[in-house]
Amino acid sequence: MAQGSTNAALSPWNVVALDTFQTPKRTQASQWRRSWRAATTWMIGKEASERQAKQESELRALPKVKLAHVAPPIDWMPATERLKQALKDDEDAPVVLFISPPYGGHSAVVSQWAAQQDIPCLAVPTLKELVDGSLAWVEDATQLKRWAIPALEYHFLRHTNGLQSVRELLERALSGRLGQSVMGCDSWTYAYLQHTVGLEGVPVLTLQGLEDQALKHVLPFSDHEALNARFALAQRGILSSQQGRWQVAPLSYASVRQLLESRNYLVDPL
């Protein structure tokens with residue numbers, strides 16, 4: 001039981017109400033990682049940066065099949081389970097929004113949740129329907145007690161006619177005339193619709209970011225990456241290893257000290 005509680009606490013998929021969302025602070029682990037990379041680039045020179053750019057270019061050139069093995073799709077199922085739990089607090093709400101940054105997983109999470117609950121998803125309207133302001137796709141929800149929209153950003157265009165149908169959808173849904181729904185949308189879409197249509201009183205859920213203690217378990221610093229960086233610095237004479245312990249080489253101490261001081265680290269007086 002304790003292990004399960006720990007895993008839940010460390011899960012990156014914690015769904016919270018938008019008004020309780022807190023931007024994660026710059027963690028010690030992430031700050032150290034950024035400083036390490038900056039120091040490596042500063043002391044090794046452009047070669048490391050150019051090599052990294054070349055590696056990224058080679059990755060982008062890989063066929064999709066090979067790239068899928070290198071970077072497999074994200075498993076959104078843990079987030080889906082958290083969404084299911086969070087929705088229990090809004091069981092009576094006619095509309096609940098689940099938002100994330102663009103390409104942040106809201107579509108996949110809402111789709112998986114709807115499939116789990118055997119809830120139909122409204123089809124994305126055609127371009128002609130959006131341009132003409134057709135309400136045909138909105139009418140599809142009138143016979144449903146529960147329904148979902150995985151990606152609301154695909155259900156309107158940003159001009160007068162293109163907003164007509166989504167405005168009608170939201171007005172009907174918020175009045176309770178279309179049963180209950182869960183809609184996923186990206187944060188840009190949410191901000192835009194909040195300004196142009198109005199979403200006052202709609203429960204909004206999102207994924208909460210992680211602080212330092214949880215982040216280090218979910219996104220651990222790569223030992224391989226650290227080892228490569230140490231060897232690269234050692235080849236330049238900046239680091240040396242004595243009995244398995246790494247230290248700054250005496251001739252490079254002044255340069256390292258200068259770098260740390262420029263980044264507001266507390267350094268000892270010379």
Side-chain angles (χ1 to χ4, degrees), residues 11-27 30 33-34 53 56-57 59-60 62 64 67-68 70-84 86-87 90 95-116 119 121-127 129-131 137 147-167 169-170 173-174 181-200 202-211 214-215 218-219:
S11 172
W13 314 122
N14 188 23
V15 175
V16 298
L18 182 61
D19 56 4
T20 65
F21 173 84
Q22 295 180 350
T23 303
K25 298 178 181 178
R26 179 169 290 191
T27 63
S30 62
R33 186 169 187 164
R34 279 188 290 268
E56 291 179 359
S57 177
L59 281 175
R60 293 178 184 275
L62 286 176
K64 291 185 178 180
L67 193 58
V70 176
I74 296 174
D75 179 13
W76 294 107
M77 192 54 69
T80 301
E81 292 298 323
R82 291 302 183 92
L83 175 62
K84 182 171 67 175
L87 287 173
D90 298 301
V95 176
V96 178
L97 290 176
F98 176 67
I99 70 173
S100 73
Y103 304 101
H106 57 274
S107 178
V109 171
V110 173
S111 295
Q112 290 178 349
W113 171 82
Q116 282 185 348
I119 292 174
C121 293
L122 295 191
V124 176
T126 65
L127 179 60
E129 286 178 318
L130 293 178
V131 172
W137 67 273
W147 50 276
I149 291 180
L152 188 59
E153 58 267 27
Y154 297 131
H155 289 253
F156 70 95
L157 299 174
R158 297 192 179 198
H159 60 69
T160 304
N161 289 344
L163 281 171
Q164 183 176 339
S165 55
V166 76
R167 180 180 283 113
L169 173 76
L170 290 171
L174 290 173
S181 64
V182 174
M183 304 185 194
C185 71
D186 65 50
S187 53
W188 291 10
T189 296
Y190 172 72
Y192 179 77
L193 292 178
Q194 194 176 33
H195 176 72
T196 57
V197 177
L199 297 171
E200 293 79 9
V202 179
V204 184
L205 304 175
T206 189
L207 290 172
Q208 174 61 56
L210 294 178
E211 299 297 343
L215 184 64
V218 179
L219 299 174

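All values reported here derive from a predicted model rather than from experimental measurement. Note that the numbering runs from 1 along the sequence shown for the chain. What's counted below: heavy atoms across the whole structure, side chains too, no hydrogens, waters or symmetry copies.
The two residues Val15 and Ala86 have their closest heavy-atom pair at CG1-CB, 3.7 Å. Contact between Leu199 and Gln194 at its shortest, heavy atoms only, is CD1-N, 3.9 Å. A pairwise comparison of heavy atoms in Ser165 and Gly162 identifies OG-O, 4.4 Å as the closest pair. Minimum interatomic distance between Thr20 and Gln208 (heavy atoms only, all atoms of both residues): O-OE1, 4.0 Å. The nearest pair of heavy atoms linking Tyr154 to Leu130 is O-CD1, 4.1 Å. Closest heavy-atom contact between Ser100 and Gly105: OG-N, 3.7 Å.
Between the SG atom of Cys121 and the CD1 atom of Ile149 there is a distance of 9.0 Å, given to the nearest 0.5 Å. Atom CG of Leu207 and atom CZ of Phe98 lie 4.0 Å apart (nearest 0.5 Å). Once rounded to the nearest 0.5 Å, the distance linking CG of Leu97 with CG of Leu170 reads 7.5 Å. Note that the CH2 atom of Trp137 and the CD atom of Glu129 stand 9.0 Å from one another [nearest 0.5 Å].
Using a 4.5 Å cut-off on side-chain heavy atoms (C-beta onward), Leu193 and Leu152 make contact. Put simply, the side chain of Leu169 does not reach to within 4.5 Å of the side chain of Phe156, judged on heavy atoms. Between His106 and Glu153 there is a side-chain heavy-atom pair separated by less than 4.5 Å. In this structure, Val202 and Tyr190 have side chains that are not in contact, with every pair of non-hydrogen atoms separated by 4.5 Å or more. Put simply, the side chain of Val124 reaches to within 4.5 Å of the side chain of His155, judged on heavy atoms. Side-chain contact check for Leu127 versus Leu157: some heavy-atom pair is nearer than 4.5 Å.
At most 12 non-hydrogen atoms from other residues, nucleotides or ligands lie less than 6.0 angstrom from NE2 of His195.
Under a 3.5 Å cut-off, the side chain of Thr206 and the backbone N or O of Ile99 do form a donor-acceptor pair.
Residues satisfying the side-chain contact (heavy atoms from CB on, under 4.5 Å) criterion with Thr160, sequence neighbours excluded, are absent altogether. In this structure Ser181 satisfies the side-chain contact (heavy atoms from CB on, under 4.5 Å) test together with Val95, Trp147, Met183, sequence neighbours excluded.
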Review item, side-chain donor-acceptor pairs of residues 73-80, under 3.5 Å, at least two apart:
from, atom 1, to, atom 2, distance (Å)
Asp75, OD1, Met77, N, 3.1
Thr80, OG1, Trp76, O, 3.1
Thr80, OG1, Gln112, OE1, 2.7

